[in-house]
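Notes for the one structure printed next.
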Amino acid sequence: MDHPGARLGVPGCRGGDAEGWLWVDVDAVTHDSLDGVTIAAPRFVRTLLAEGDRPRRVPLSGSPLPYTGEAGADELAELVTDLDRDLPVVAVSPLPADFHYAGLPPNTTARERFEQVVDRAAAMVAGLAAVCVLDEAGVAAFASAVGADHAVRDGAFRVYLSGTDPAVDEPWRHRYTLPARFLQRRGTAGVVITRAIALRANARRAPVSYEPAARFPDSARVDAAGDAAALPEMSEEENDELRGRLATQDQRYQDLLEDHAHLEGEHNRLRIELATARRKPALVEQRLRAEHPDEVAAVVGAQWPDSADSPGEAAELARGLLGAHLCVPDGALVDLDQLDRAVEVARLGQTSWRAFLALYSYGEALAEEGDPGSFWTWCANSGHANAWTATPKKLAMVESDSAKRSDKLRNKRVFPVDAGVAEAGGVFMEMHIKIAEGGGCARAADLLRASREQGKVHVGYFGPHKNVPNTLA
């Protein structure tokens, strides 16, 4: 099985008016799944970029390109908004001086890891995109030039696709990634970037001079039996047309995924706004403000994100913001990098964040007076804005009899939990939320246990469904 991973356009040297090209096709060939393949430029491409001339509109390099001060910011903004630009541009903002991240290796500062991550990302996408780094002085100027919605700040990076026009463009088309999402592993930023540009990179056309040059060795060997020799060329032309159609369909699929991610984000935002609106009326009166200042401050001050870029980011947000009524221990997060590499990662991230919000809100209901019933009952009847969809395709309260009878399958569903929930420290969890349907790495699951006494929901496992198989998988 031949799977073109990326096409790297590497400019060569020029003499006079001539322009040289080196066109590199990176292919992955396997009889197994290609879900875990990471696209990255071969090492020699970085050498060619460093030694060759750069006659392109977008500068190419195997290292980050600095854009300093207001002049550099204006230059980068001009490059990003150039409608004739044919390659993606990744704009990276500097990490704030007071930024702290707990998941770093020992003896490594956040700034050191940030520089390592950016260097690695530039090396991975050499020839595919330009990684451009702003400094502190240039962030505000860049935001002023492209607009606040298209800007980048606080250590995040944004992948600007071709045809960026801030006046009419939707910001969500250009993936925005926070530093907490990519600092833990050196290669995460590069993977996020290649995932955002992979289909477009694969569909890129070679320079005009490439086709005649590619045909030249064959034409030199044509003999009198020209008709027979022309058959391979005709077949190749037909294959090229089919490849173009396939690339077009891939592009349409990518656009649909982006549209779905945008709608899912809007859905989550409206849910959170509705939840906040339902809580505020009880606190608007001056008397209640005077008698319950802490409650008012908690409602007004709570600002949750309305979306997550990936399942990994959704888990980090849940651990950082929802701890009052939701417990997600380190051991519950398994193989999230596989989910984060899935082509539908944005949709999985949005749905995962929605699931965590539903679990938190149910834990909140458990802590209040009255009996909210089971999670299914609460989702179906509470009318809460964060309630999960209570259907068999989205939620399962019990496992199948075959999964419970099999010791092998049952043991796959025993997870550690707080001693206050189970003295043994581990329980059989069968209630689970289905983040996505289907099989393989792209299907995520939450296995959980609710605690009425603690007013919390405990997540035992969050990751690919393949790690908790049933008799059908």
Side-chain angles (χ1 to χ4, degrees), residues 6-9 39 41 49 54 56-68 70-95 117-118 120-135 138-179 181-182 188-204 251 254-255 257-259 261-262 265 307 309-310 345-346:
R7 292 176 179 172
L8 313 174
I39 297 173
L49 289 173
R54 296 173 176 81
R56 294 189 57 82
R57 187 181 300 272
V58 177
L60 292 176
S61 174
S63 303
L65 301 172
Y67 285 79
T68 58
E70 293 187 7
D74 290 340
E75 182 183 356
L76 180 57
E78 184 177 349
L79 177 64
V80 165
T81 57
D82 185 350
L83 296 181
D84 293 327
R85 172 170 59 85
D86 60 348
L87 284 178
V89 171
V90 182
V92 183
S93 61
L95 201 65
V117 167
V118 175
R120 176 62 179 152
M124 290 178 66
V125 301
L128 284 172
V131 176
C132 308
V133 182
L134 292 163
D135 60 6
V139 171
F142 183 73
S144 177
V146 301
D149 290 340
H150 287 77
V152 61
R153 61 183 67 85
D154 297 332
F157 68 80
R158 189 187 289 273
V159 182
Y160 295 94
L161 303 177
S162 302
T164 304
D165 185 353
V168 297
D169 215 8
E170 293 287 351
W172 57 266
R173 287 189 61 244
H174 312 287
R175 186 178 298 281
Y176 188 86
T177 306
L178 298 170
R181 165 72 178 83
F182 60 79
T188 299
V191 171
V192 171
I193 296 170
T194 56
R195 187 171 58 230
I197 66 177
L199 291 178
R200 294 169 176 82
N202 193 33
R204 279 174 53 200
Q251 180 63 64
Q254 180 70 14
D255 291 340
L257 288 177
E258 292 175 348
D259 290 343
H262 174 63
S307 64
D309 185 60
S310 66
V345 60

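Computation of the quantities below employed the complete heavy-atom set of this structure, encompassing side-chain atoms and omitting hydrogens, waters and symmetry-equivalent molecules.
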Should V125 and V90 count as side-chain neighbours, where that means a heavy-atom distance under 4.5 Å? no
Pairs involving residues 75-85, ordered by first then second residue, that meet side chain to side chain donor-acceptor pair (under 3.5 Å) (sequence neighbours left out): R57-D82, R85-T164
Give the minimum heavy-atom separation between G138 and A73, together with the two atoms involved. O-CB, 3.2 Å
Return the minimal non-hydrogen interatomic distance between L128 and P88, and the atom names on each side. O-CD, 3.4 Å
As an exercise, state the distance from CG of L178 to CZ of R153, rounded to the nearest 0.5 Å. 10.5 Å
Would the distance check show the side chain of S310 and the main-chain N or O of V345 forming a donor-acceptor pair, the cut-off being under 3.5 Å? no
Distance col, row R158:CZ vs C132:SG, nearest 0.5 angstrom, shows 14.5 Å
Measuring centre to centre across the rings, with the benzene-like ring taken for any Trp, is F182 within less than 6.0 Å of F157? yes
If you compare all heavy atoms of V139 against all heavy atoms of V152, which two are closest, and at what distance to 0.1 Å? CG1-O, 3.6 Å
Could you tell me whether the side chain of P179 reaches within less than 4.5 Å of the side chain of V117, counting heavy atoms only? no
Which atom pair, heavy atoms only, marks the closest approach of H150 to H174? CD2-CD2, 4.1 Å
Could you state the interatomic distance from OG1 (T188) to CD1 (I193), rounded to the nearest 0.5 Å? 11.0 Å
Restricting to non-hydrogen atoms, name the atom on V133 and the atom on P64 that form the minimum distance, rounded to 0.1 Å. CG2-CB, 3.7 Å
Among all residues two or more places apart in sequence or in another chain, which pass the salt bridge (charged side-chain N to carboxylate O under 4.0 Å, His left out) test with R175? D309
Closest heavy-atom contact between A91 and Y160? CB-CE1, 3.5 Å
Roughly how far apart are L65 CG and L60 CG, rounded to 0.5 Å? 8.5 Å
